[in-house]
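Every chain is numbered from 1, with letters handed out A, B, ... down the list of sequences.
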There are 2 protein chains.
Amino acid sequence: MIRIAIIDDKISNRNILADKLSHNKFFKVIIQAVNGEDFLDQMKEASKNILPHIALMDLEMPVIDGVTAISSGSSLYPDVKFVALTIFDDDDRIFNAIKAGACGYILKEESGPVINDMLMNLWENGAGPISPSIAYKILQMVQQQTAVQTDRNALPFDVFNLSEREKEILKLLSEGLGHREIGAKIDISPNTVKKHSSNIYQKLHVNGKAQALRIAYTKGFL
Amino acid sequence: MIRIAIIDDKISNRNILADKLSHNKFFKVIIQAVNGEDFLDQMKEASKNILPHIALMDLEMPVIDGVTAISSGSSLYPDVKFVALTIFDDDDRIFNAIKAGACGYILKEESGPVINDMLMNLWENGAGPISPSIAYKILQMVQQQTAVQTDRNALPFDVFNLSEREKEILKLLSEGLGHREIGAKIDISPNTVKKHSSNIYQKLHVNGKAQALRIAYTKGFL
DNA sequence: GGAACAATAACCCATTTGGATTACCTGGCA
DNA sequence: TGCCAGGTAATCCAAATGGGTTATTGTTCC
């Protein structure tokens, strides 16, 4: 029998989730809390007797939010698996929750059977439940960890007042295309592309392509 | 119609995969390559006409491995989604492939329907395909920030094996210097500078300066 | 001793590039 | 209404670029 804690400030959310879990006789909801503080208080009591195996934690809550609760909880109760309940497009909180110690993530709108499977899998294999779409976001975050550094002291590239057309050309130039190829791609004469290039170099106050790309990359345009 | 590239050194693997995809009429395999170099060469040709939407890349290959090919490919062809084909327990390579620009991962032993679903989802929603067990590994890596940090020293750019001299030249090229100027600065013949440049372009599998700089910037070398 | 590799250098040659100039057409703004 | 910026296009020309090839010198490793 798998003991579950549900932490969400909205009672309707708690009920919906509890209902989804009720179809599997192995799950038993033993704790319901309305925020992180309430949860931690109840855990303090529960630790005298019996702890939940899994805590399903909403991230957005008053008083003490989910990330903070996971951070404390995962330290205090290392055997408890913390699973974040989240909505799509909540990137920052997701990343923070990971670092705080969450072992998995479930979208709130996920169907009952899916959630059941994920939690069963967590219990049996130790593999954290991850909605594919969120896993992808995490991948992107990891990938951007290197790119973030260059953005730091980046002044807005816009100060150079490139026209839209010029930005378009600059982007194509960065891909290694020649004037001829660019002209073919956006359906103008290669001569015009060349003229645009010259104008770009003038506006950026550089001698040629390499320096223009240098500025474009280091100022965060590319 | 979704255009697919399959890169694997073993023909049986390519055939099995192509066969799994053949049951869905939306998939069309337009490129098959036996290693990373073969793939990049074929992409150079393909870029003149039509590129694949998705590249399914084996990670362990001779000549040029999958991580290197993804590193180059994701810089040169940002619209192409790179999916790594991997076996379980290949943690290091998986993580490197992520940093190199892979958007998803599929276990080789995954069934045909599962792979079909994952790729369709990638195409329709932009969510990268990730086997749950691998997604969990990635979470663990992110949580162990020490592992993330130390790996930053092993920049993805190093996979290209440029010599010190070549890196020096590449850096000078990025500053917008010409062969003549570079030669004067480091006191060698402009002809030699030109030769080094050619060698750099070959090692990076690119056509010229712009693409070389693109890789250098996006992979964190510059 | 020989193989492999990096660095050096020179040559040819077609293509691309950058710089400078001139010109026309359009839409928006004063 | 007229001006002007932006996009379009063409031309000339010198210089730079890239793609080959070949060759000599060191070093390192087997």
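- Looking only at side-chain heavy atoms (C-beta outward), B:S74 and B:K219 come within less than 4.5 Å of each other.
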Write down the protein N/O and nucleotide N/O pairs, taken from nucleotides 10-12 of chain D, whose separation is under 3.5 Å; answer none if there are no such pairs.
unit_1, atom_1, unit_2, atom_2, d
D:dA10, OP2, A:S189, OG, 2.9
D:dA10, OP2, A:N191, ND2, 3.1

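- Between A:L59 and A:A84, the closest heavy-atom pair is CD2-CB, 3.9 Å.
- Taken residue by residue, residues 169-181 of chain B places heavy atoms nearer than 4.0 Å to DNA chain D at B:G178, B:H179, B:R180.
- For NZ of B:K185, the number of neighbouring non-hydrogen atoms (other residues, nucleotides, ligands) closer than 6.0 Å is 12 at most.
- Closest non-hydrogen pair, A:L122 versus A:V83, comes out as CD2-CG2, 3.8 Å.
- Under the 3.5 Å distance criterion, the side-chain polar atoms of B:R14 are matched with a main-chain donor or acceptor of B:D8.
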**Report entry** B:I54 and B:I4: CA distance, side-chain angles, deciding distance, side-chain contact (heavy atoms from CB on, under 4.5 Å) verdict
**Finding:** CA-CA 5 Å; B:I54 299 173; B:I4 308 282; 4.0 Å; yes

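- With distances taken from any side-chain atom of A:R165 to the nucleotides D:dT8, D:dG6, C:dG19, the minimum falls on D:dT8.
- Under the 3.5 Å distance criterion, with hydrogens and angles disregarded, a donor-acceptor pair is assigned to the side chains of B:K195 and B:N199.
- For the salt bridge (charged side-chain N to carboxylate O under 4.0 Å, His left out) condition, the pairs that include at least one residue of residues 165-174 of chain B, sequence neighbours left out, are B:D158-B:K167, B:E164-B:K167, B:R165-B:E168, B:E166-B:K203.
- The shortest distance between side-chain heavy atoms of B:K81 and B:L119 does not fall below 4.5 Å.
- A close approach under 4.0 Å does occur between a side-chain nitrogen or oxygen of A:Y201 and OP1 or OP2 of C:dG18.
- A:E166 places its CD atom 11 Å from the C1' atom of D:dA5, with the value rounded to the nearest Å.
- Residue-level contact check: A:N207 touches the backbone only, with heavy atoms under 4.0 Å from sugar-phosphate atoms and none from bases.
- For A:E164 and D:dG7, the CD to P distance is 9 Å, given to the nearest whole Å.
- Residues that satisfy the salt bridge (Lys or Arg N to Asp or Glu O under 4.0 Å) test with B:E175, not counting sequence neighbours, are absent from this structure.
- If you take CD1 of B:I200 and P of D:dT17, they are 13 Å apart, rounded to a whole angstrom.
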Pick out the pairs of N or O atoms, protein on one side and nucleotides 26-30 of chain C on the other, that lie under 3.5 Å.
none

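- Residue A:N199 contributes atom CG, which lies 13 Å from atom P of D:dA5 at whole-angstrom precision.
- For the pair A:S163 and D:dG7, the criterion of a side-chain N or O lying under 4.0 Å from OP1 or OP2 is met.
- Across the protein-nucleic acid pair, B:I188 atom CD1 and C:dA6 atom C1' stand 12 Å apart, rounded to whole Å.
- Straight-line distance from the CD atom of A:Q211 to the C1' atom of C:dG19: 15 Å, rounded to whole Å.
- Taking the six-membered ring for Trp and thresholds of 30 and 60 degrees, B:Y217 and A:Y217 have nearly parallel ring planes, at less than 30 degrees apart.
- Regarding contacts with the backbone of C:dT17, a side-chain N or O of A:K209 is found under 4.0 angstrom from either OP1 or OP2.
- Distance, A:L213 CG to D:dT17 C1': 15 Å, rounded to whole Å.
- A distance-only check finds no donor-acceptor pair linking the side chain of B:K194 to the backbone of B:H179 [under 3.5 Å].
- Relative to the axis of its first five pairs, the axis of the last five pairs of the helix from C:dG1-D:dC30 to C:dA30-D:dT1 sits at 50°, rounded to 10 degrees.
- In terms of modelled atom types and a separation under 3.5 Å, the side chain of B:N116 and the main chain of B:K20 share a donor-acceptor contact.
- Side-chain atoms of B:Q211 do not come within 3.5 Å of backbone N or O of B:G208 as any donor-acceptor pair.
- Per the geometry, NE2 belonging to B:H196 stands 10 Å off C1' belonging to C:dA9, to the nearest Å.
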